[in-house]
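Remember, it's 1-based here, ligands and their atoms both numbered in the order they're listed.
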Amino acid sequence: MKAIRVHEFGGPEVLKLEDLPTPKPSKGEVLVRIHAIGVNPYDTYMRAGTYPLKPALPYTPGSDAGGVVEAIGEGVSKVKTGDRIYTAQTITGAYAEYTLALEGQVHPLPQKVDFKQGAGVWVPYGTAYHALRHQAKARPSETLLVHGASGGVGIAALQIARAMGLHVIGTAGTQKGVELVKREGAHRAFNHRNAGYQDEILEGTANRGADIILEMLANVNLSSDTKLLAKNGRVIVIGSRGEVTINPRELMSRRASIRGFTLWAITPGEEAEIHAALFAGLENGTLCPIVGKELPLADAARAHKEILEPGSAGKMVLVC
Ligand code: NAP
């Protein structure tokens with residue numbers, strides 16, 4: 001099989017397309033024929049060696065894929081050969097034509113969701129659901145700002161929040177992104193590259209502020225986020241790429257809080273709830289992953305460069 005291998009941490013050029021033996025599933029394992037792979041920003045941090053989780057070298061990146069069960073190991077009962085699934089982590093890595101996964105790492109993909117969309121389920125929708133339900137404890141009628149709504153996690157958050165009955169505001173960095181954010185559920189959308197857009201957001205809430213902010217780039221926005229919060233508001237830090245200074249008094253006067261999390265640290269109970277909710281939403285069409293850029297598996301290095309560039313418009317996937 002073809003697979004991307006990383007032999008040393010470094011820039012995108014360390015992603016090499018290689019021929020590897022197709023693995024065989026052992027007890028409790030599933031072999032998946034992958035059709036599409038989700039490219040997530042954390043894949044690039046891990047490849048660079050700057051992520052807290054450092055895989056043993058060499059390794060194949062990727063946790064998110066859409067595909068079909070090719071074979072099952074002894075004792076596997078949850079899925080059978082031929083089932084359409086998405087992965088939520090794997091044993092041998094998702095940037096490949098085949099991957100081994102534990103039985104608990106594969107989840108059914110409703111018929112109406114194609115494999116490319118399936119590759120955009122786990123990290124984006126799992127993160128958005130966890131942020132809204134478990135971290136922010138979002139309630140219908142609350143006002144939500146998705147700060148960075150045009151990418152994988154942001155679009156997932158818009159769709160989930162609309163289905164939950166929140167009032168949704170989103171931002172993007174291009175006009176195309178702003179249009180997409182409106183199409184995917186935001187009642188109002190703003191361009192986070194326009195000067196003074198935070199004032200417009202605040203005015204749009206009649207100067208009350210947002211109850212919840214899902215923040216994709218905290219090192220840039222956290223300080224101004226604290227001024228956009230309503231009383232008892234919560235900022236949920238999803239993404240950050242550096243340090244930031246804030247004025248804690250902005251929190252004190254609002255009884256506000258800032259929370260952060262990583263999807264790796266969710267509990268088994270939270271994970272089970274997330275998959276059940278995502279399956280229901282994908283099945284009834286409430287949740288519909290938007291595929292943006294598609295590249296062949298061999299172009300993984302290009303994908304790692306472009307996922308960090310501005311101008312997101314949905315989920316980036318590799319196809320094989
Ligand atoms: P993505 O698909 O690459 O999207 C990135 C998003 O960030 C886009 O909407 C982009 O908007 C936006 N952005 C860029 N500059 C911004 C700014 N100045 N202010 C606000 N937003 C800005 O990435 P993703 O998969 O959605 O992930 C988003 C972030 O969350 C990444 O940093 C990722 O590492 C992190 N993340 C964390 C967890 C966790 O467990 N905590 C899980 C998943 C993701 P434009 O391109 O339109 O400017």
Side-chain angles (χ1 to χ4, degrees), residues 37-48 50-53 61-64 88-89 119-132 134-136 145-160 169-186 189-195 197-198 201 210 213-225 228 235-242 244 258-266 270-271 274 289-294 303-317:
I37 302 136
V39 179
N40 288 300
Y42 92 84
D43 299 340
T44 71
Y45 322 147
M46 200 175 255
R47 182 218 69 228
T50 56
Y51 202 57
L53 296 178
S63 52
D64 295 9
Q89 300 191 51
V121 171
W122 173 235
V123 168
Y125 282 82
T127 299
Y129 184 92
H130 180 67
L132 283 167
H134 301 141
Q135 296 291 339
L145 168 60
V146 183
H147 213 165
S150 48
V153 178
I155 289 173
L158 297 175
Q159 295 176 356
I160 294 168
I169 303 165
T171 76
T174 61
Q175 191 49 36
K176 186 180 169 198
V178 167
E179 296 306 324
L180 176 65
V181 165
K182 281 191 200 148
R183 244 188 349 263
E184 293 309 316
F190 298 88
N191 188 323
H192 52 232
R193 294 207 167 77
N194 286 353
Y197 77 96
Q198 292 100 332
I201 290 175
I213 300 178
L214 299 190
E215 183 50 63
M216 303 304 155
L217 201 55
N219 53 303
V220 172
N221 297 320
L222 194 58
S223 174
S224 56
D225 284 346
L228 293 180
V235 180
I236 310 299
V237 176
I238 295 178
S240 187
R241 295 181 181 160
V244 60
I258 300 171
R259 296 181 65 129
F261 71 91
T262 71
L263 194 61
W264 304 109
I266 58 172
E270 287 168 340
E271 180 166 355
I274 291 169
I290 304 296
V291 176
K293 197 170 282 179
E294 293 175 30
H304 273 214
K305 278 189 212 109
E306 295 182 3
I307 188 80
L308 297 181
E309 291 169 0
S312 313
K315 183 74 216 163
M316 185 185 288
V317 299

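With 3.5 Å as the limit, one finds a donor-acceptor pair spanning the side chains of Tyr42 and Ser63.
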For residues 119-127, run the donor-acceptor check on the side chains, cut-off 3.5 Å, and write out each pair with its distance to 0.1 Å, sequence neighbours left out.
residue, atom, partner, partner atom, Å
Tyr125, OH, Gln159, OE1, 2.6
Thr127, OG1, Val123, O, 2.5

Name the atoms and distances for all side-chain donor-acceptor pairs under 3.5 Å in residues 307-317, with sequence neighbours left out.
residue, atom, partner, partner atom, Å
Lys315, NZ, Val39, O, 2.9
Lys315, NZ, Asn40, OD1, 2.7

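Leu263 N, 2.8 Å is the protein heavy atom nearest to atom 40 (O) of ligand 1. From the protein, the heavy atom lying nearest to atom 44 (C) of ligand 1 is Val153 CG2, 3.8 Å. For atom 3 (O) of ligand 1, the closest heavy atom belonging to the protein is Ile307 O, 3.4 Å. For atom 8 (C) of ligand 1, the nearest non-hydrogen atom of the protein is Ser312 OG, 3.3 Å. When only non-hydrogen protein atoms are considered, atom 32 (O) of ligand 1 lies nearest to Tyr45 OH, 3.1 Å. Of the protein's non-hydrogen atoms, the one nearest atom 23 (O) of ligand 1 is Pro41 CG, 3.3 Å. The nearest protein atom to atom 42 (C) of ligand 1, hydrogens excluded, is given as Thr127 OG1, 3.1 Å; this is a heavy-atom distance.
Ranked by closest heavy atom to atom 19 (N) of ligand 1, the top entry among Leu308, Leu217, Asn221, Ile238 is Asn221. Closest heavy-atom approach to atom 22 (C) of ligand 1 among the candidates Met216, Gln135, His192, Lys176: His192.
Close approach to Ser150 involves these atoms of ligand 1, each under 4.0 Å from a residue heavy atom: 8 (C), 9 (O), 10 (C), 11 (O), 45 (P), 47 (O). The Arg193 neighbourhood of ligand 1 comprises atoms 14 (C), 15 (N), 48 (O), with distances under 4.0 Å to a heavy atom of that residue. Numbered from 1 in the order shown, with element, the atoms of ligand 1 that lie under 4.0 Å from a heavy atom of Gly173 read 45 (P), 47 (O), 48 (O). Close approach of ligand 1 to Val123 is summarised as follows: ligand atoms under 4.0 Å from at least one heavy atom of the residue are 43 (C).
Residue-to-ligand polar distances place Gly152 within reach of ligand 1: an N/O pair is separated by less than 3.5 Å.
Taking the six-membered ring where tryptophan is involved, the planes of His147 and His192 are tilted, since the angle between them lies from 30° to 60°.
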